Colleague: 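Take this structure first; my questions come after.
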Amino acid sequence: MSDVFERYERQYCEISANLSKKCTAAASLDGERKKQKVSEIQTGLDEAESLIRKMDLEARSLQPNVKAVLLAKLREYKSDLNNLKSEVKRLVSGNLNAASRDELLESGMADALTASADQRSRLMMSTERVNQSTDRIKDSRRTMLETEELGVSILQDLSSQRQSLLHAHNTFFLLVCLWVQK
């Protein structure tokens, strides 16, 4: 098996275990502390996704017999990561429901006489724009990470090809020298 794959695998397992603990801890939190914990978990999920992509690239570069075993492991890790993502979505949606309920109760009491429908619609549009911008930033970051990983993979391939060419050149030079001596 590949040492590189094993290193990525160890890192992924550590991150996954850490994320599971954080999800369990976040379920008992409220308010801002829960938001911070969810933000940490999201960062960890991005890191775990990056490691899975790296493991995938590494596994696909190996011999077919080893490759099949590693890709099977990789499917399990992807499933595990999807389960973690689902758990985070449940945490966030539970948080949003409670926050929305509290917000409605507060706004219903305090702003019932002063807030207009126009202000509410502008606030909702602004919130939607902020959410869309956040999603675009996350997508851009994900694309940047994928591009970086692809660049690293290409550089590794080029380095390997360079080594092969140098080896072939040295072998050819040695053969020519031996042939000349005869």
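Residues take their numbers from the sequence shown, with the count starting at 1. Worth saying up front: this structure is predicted, and the values here are computed from it rather than measured.
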Colleague: Quick check: closest heavy atoms across Y77 and I52, and the distance to 0.1 Å?
Modeller: O-CD1, 3.7 Å
Colleague: As a quick check of understanding, evaluate salt bridge (Lys or Arg N to Asp or Glu O under 4.0 Å) for R60 and D56, giving each step before the final call.
Modeller: CA-CA 6 Å; R60 292 182 189 282; D56 189 36; 2.8 Å; yes
Colleague: Under a 3.5 Å distance rule, please check whether T147 uses its side chain to pair with a backbone N or O of T143 as donor and acceptor.
Modeller: yes
Colleague: Answer whether the closest heavy-atom distance between the side chains of L57 and E149 falls below 4.5 Å.
Modeller: yes
Colleague: Within the distance-only criterion (no hydrogens, no angle test), does the side chain of S160 pair as donor or acceptor with the backbone N or O of Q156 below 3.5 angstrom?
Modeller: no
Colleague: Considering all heavy atoms of both residues, which atom of L51 and which atom of Y8 are nearest to each other, and what is their separation?
Modeller: CD2-CD2, 3.8 Å
Colleague: Checking S39 side chain against K35 main chain: does a donor-acceptor pair fall under 3.5 Å?
Modeller: no
Colleague: Linking I/L/V/M/F/W/Y whenever their side-chain heavy atoms sit closer than 4.5 Å, directly or via other members, would Y12 and L62 fall into one cluster?
Modeller: yes
Colleague: On a heavy-atom basis, which atom in E87 and which in C23 lie closest, and how many Å separate them?
Modeller: OE2-CB, 3.1 Å
Colleague: Between R53 and E49, does a side-chain contact (heavy atoms from CB on, under 4.5 Å) hold up when you go through it step by step?
Modeller: CA-CA 6 Å; R53 284 192 299 271; E49 246 182 292; 3.9 Å; yes
Colleague: For H167, is there any backbone N or O sitting under 3.5 Å from a side-chain donor or acceptor partner on T171?
Modeller: yes
Colleague: Under 4.0 Å between a Lys/Arg side-chain N and an Asp/Glu carboxylate O for E9 and K54?
Modeller: no
